[in-house]
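Sequential numbering from 1 along the given sequence is applied to the chain's residues.
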Amino acid sequence: MPAPRLRGTLHLPADKSIAHRALLFTAMGHGTATVAMHRPGADVRSTIAAIAALGALTTQSTGDDGALVLTIAGGGRSDSAALPGSDPVTLDCGNSGTLMRLLTGAATTRAGRTTLTGDASLSTRPMERVAVPLRAMGAKVTTSDGHAPVVVDGGAHLTATAHSLPVASAQVLGAIALAAVTADGTTTITTPGPTRDHTERLLAFLGAPVTREDHATTLTGPTGWECRDITVPADPSAAAFWLVTGAIHPDADITLADVGLNPTRTGIIRILERMGARIDVTPAGTVGPEPAGTLRVRSGPRLTAVDLTADDVADVIDELPVLAVAMAAASGTSTVRDAAELRVKESDRIALTVAGLRALGVDAEELPDGWRITGAPVRATPSATRAVVATAADHRIAMAFTVANLAGVGTTDCDVDDLACADVSYPGFLDDLGALT
């Protein structure tokens, strides 16, 4: 039911997109370094378990600020990056598509066989989009009818290749880049639209010869790097839930500390501001290769409708379910188009988002590549009825509808059928909700 007032400062979990890369890239480097992060979720813990299984993780401790600090010994040399080990190994990627795709590329640098498995949800996600470009470079990659398990027989001599990806995917780009570190010559990866640039930023921070111009990334190999200590900022995708909540709630003032402000990840801020949200951004310099700072969102006038198409969607693909909640509270009719990729995430997020909004009494229509939502003012009082929203164990769906309930979106209160799945990306989500209320 709606909360009467929301106040507080939150310290959010580490950005999992950066955390996956920081852990893997350090495990591929030369020497020993630390990776520090707050409250890693289940996806990131799958990456920690994977590098431990490879023999790269040496110690874990807790820093003075409460962060988890992992000491990692890389398996590469200064002139040739590589994951450690040569014996056959099976690595469980859990629910993480980012981990499985990045590991597929990274595993080409090992001399032995690497088998990548995942949970039931991950095992339905498309993996040929990674395997095809890696095979074009000479890698030996086998999928199971296009899905996990994925088997990589590493150590093959790879050829630097020009790739033109059919989908703008930072995960596929990252996998190719990690394989390209062993190839002779320059590998070029061109995407049809913008992607997150965490791979390029971190590789450049470590000293690898990588550049990015518009939608083209180039990397010259063979190359390696010396390990460097890395601190992972807080996740802007986790911040999105509270930015939306604060923007649509009638009495909110929420501060989010040490959040990553990479321009490829702040689309949620730009779109909410287009809708009329009051968000203050206070930069605090860089955390390693990534900019970070403090966000503050306060109640303001009712948001207005927005239409999102391809360029918008690329910036907020993970935040679209909670942006749908903002649209449901805005005046007018909002649309999302060119977001068919949502149907092959952890769930069919288009179908589940629209079904959940309808269960709340919101006027929502499912489109082949998005949705159309006509908003209504939020409620300040509990409803006489309650709906149950199906999540299909999808963490972003569960959290989006939890904050919808918190803000009074729709005509009825709701329960989500599986809130425990929030731990995939946001451990302690309910604790933070309680701190604000």
Side-chain angles (χ1 to χ4, degrees), residues 3 5-23 34-48 60-70 198 202 229-247 249 251-263 265-266 268-269 272 277-299 318-319 322 395-396 398-400 402-403 406-407 419-437:
R5 187 172 182 265
L6 300 173
R7 293 288 189 279
T9 297
L10 300 180
H11 297 270
L12 304 173
D15 185 318
K16 69 189 186 94
S17 293
I18 299 172
H20 288 307
R21 289 165 171 82
L23 292 163
T34 62
V35 177
M37 64 187 76
H38 284 276
R39 295 163 61 184
D43 275 3
V44 176
R45 290 193 177 277
S46 292
T47 303
I48 295 170
Q60 299 185 53
S61 60
T62 302
D64 293 340
D65 61 353
L68 176 65
V69 180
L70 303 130
H198 299 307
L202 186 52
D229 294 345
I230 299 167
T231 298
V232 181
D235 195 342
S237 293
F241 297 100
W242 309 119
L243 293 175
V244 167
T245 304
H249 193 280
D251 188 2
D253 188 345
I254 303 170
T255 299
L256 308 169
D258 302 321
V259 179
L261 297 179
N262 183 307
R265 299 291 300 283
T266 52
I268 180 70
I269 298 172
L272 286 174
R278 298 173 62 197
I279 301 173
D280 299 324
V281 181
T282 305
T286 59
V287 179
E290 296 282 347
T294 298
L295 304 177
R296 182 185 182 192
V297 59
R298 290 170 287 170
S299 301
D318 286 335
E319 292 78 42
V322 77
H395 53 121
R396 300 203 191 278
M399 291 185 285
T402 299
V403 300
L406 184 71
L419 191 51
C421 65
D423 281 352
V424 166
S425 62
Y426 196 149
F429 173 72
L430 279 181
D431 292 335
D432 284 354
L433 185 151
L436 294 179
T437 56

Let me have the donor-acceptor pairs involving side chains of residues 6-13, under 3.5 Å, with sequence neighbours excluded, atom names and distances please.
from	atom 1	to	atom 2	distance (Å)
Arg7	NH1	Asp251	O	3.3
Arg7	NH1	Asp251	OD1	3.0
Arg7	NH2	Asp251	OD1	2.8

Review point. For Ile269 and Leu243, what are the C-alpha separation, side-chain angles and deciding distance, and is it a side chain to side chain contact (heavy atoms under 4.5 Å, CB included)?
Key: CA-CA 8 Å; Ile269 298 172; Leu243 293 175; 4.0 Å; yes

Practice item. Write down the atom of Ala36, the atom of Val69, and the distance for their closest heavy-atom approach. Key: CB-CG2, 4.1 Å

Check your understanding: When you look at Trp242 and Leu433, which way does the side chain to side chain contact (heavy atoms under 4.5 Å, CB included) test go after all the steps?
Key -> CA-CA 9 Å; Trp242 309 119; Leu433 185 151; 3.8 Å; yes

**Study point:** Distance (rounded to the nearest 0.5 Å) between Leu256 CG and Thr294 OG1
**Key:** 8.5 Å

Review point. Does the side chain of Asp258 come within less than 4.5 Å of Pro233's, by heavy atoms?
Key: no

Check your understanding: Is a salt bridge present between Asp432 and Arg39, judged by a nitrogen-to-oxygen distance below 4.0 Å?
Key -> yes

Practice item. Decide yes or no for Asp15 and Asn262: does some side-chain heavy atom of the first lie under 4.5 Å from some side-chain heavy atom of the second? Key: no

Review point. From Thr282 OG1 over to Leu295 CG, what is the distance, rounded to the nearest 0.5 angstrom?
Key: 8.0 Å

**Study point:** For the student: nearest non-hydrogen atoms of Val297 and Ala247, plus distance
**Key:** CG2-N, 3.7 Å

Check your understanding: Does the pair His249 and Ser299 meet the rule for a side chain to side chain donor-acceptor pair (under 3.5 Å), with working shown?
Key -> CA-CA 6 Å; His249 193 280; Ser299 301; 4.8 Å; no

Review point. How many angstroms lie between atom OG of Ser17 and atom CG of Asp43, to the nearest 0.5 angstrom?
Key: 9.5 Å

Exercise for review: Compare every heavy atom of Ala14 with every heavy atom of Val232, then report the nearest pair and how far apart it is.
Suggested key: CG1-CB, 3.8 Å

Exercise for review: Indicate whether the side chain of His20 and that of Thr47 have a donor and an acceptor atom separated by less than 3.5 Å.
Suggested key: yes

**Study point:** Heavy-atom check, side chain of Thr34 versus side chain of Leu70, under 4.5 Å
**Key:** no

Exercise for review: Go through the steps for Leu261 and Glu290 under the test side chain to side chain contact (heavy atoms under 4.5 Å, CB included), then give the verdict.
Suggested key: CA-CA 7 Å; Leu261 297 179; Glu290 296 282 347; over 6 Å; no

Check your understanding: About how many Å separate CD1 of Ile18 and NE2 of His198, when rounded to the nearest 0.5 Å?
Key -> 4.5 Å

Review point. Which atom pair, heavy atoms only, marks the closest approach of Thr437 to Ala3?
Key: CG2-CB, 3.8 Å

Check your understanding: How close do Ala422 and Met399 get, heavy atom to heavy atom, and via which atoms?
Key -> CB-CG, 3.8 Å

Review point. Passes side chain to side chain contact (heavy atoms under 4.5 Å, CB included), Tyr426 versus His395? Steps please.
Key: CA-CA 8 Å; Tyr426 196 149; His395 53 121; over 6 Å; no

Check your understanding: How about Leu272 and Val244: do any of their side-chain heavy atoms sit closer than 4.5 Å?
Key -> yes

Practice item. Would you check if Phe429 and Leu419 make a side-chain contact, meaning some heavy-atom pair closer than 4.5 Å? Key: yes

Point to revise | Any side-chain heavy-atom pair of Ile230 and Met37 under 4.5 Å | key: no

Exercise for review: Considering only NZ, NE, NH1 and NH2 on the basic side and carboxylate oxygens on the acidic side, decide whether Asp253 and Arg5 come within less than 4.0 Å.
Suggested key: no

Practice item. Please name the residue in the list Asp318, Val322, Ile268 that meets the side chain to side chain contact (heavy atoms under 4.5 Å, CB included) test with Ser237. Key: Asp318

Review point. Which atoms form the tightest heavy-atom contact between Val259 and Ala239, and what is the distance?
Key: CG1-CB, 4.2 Å

Check your understanding: Between Asp235 and Lys16, is there a salt bridge with N-O shorter than 4.0 Å?
Key -> no

Review point. Does Arg298 have any salt bridge (charged side-chain N to carboxylate O under 4.0 Å, His left out) partners at least two apart in sequence or in another chain, and if so, which?
Key: Asp280

Exercise for review: Quick one: pull up CZ in Arg45 and CG in Leu23 and give me the separation to the nearest 0.5 Å.
Suggested key: 11.0 Å

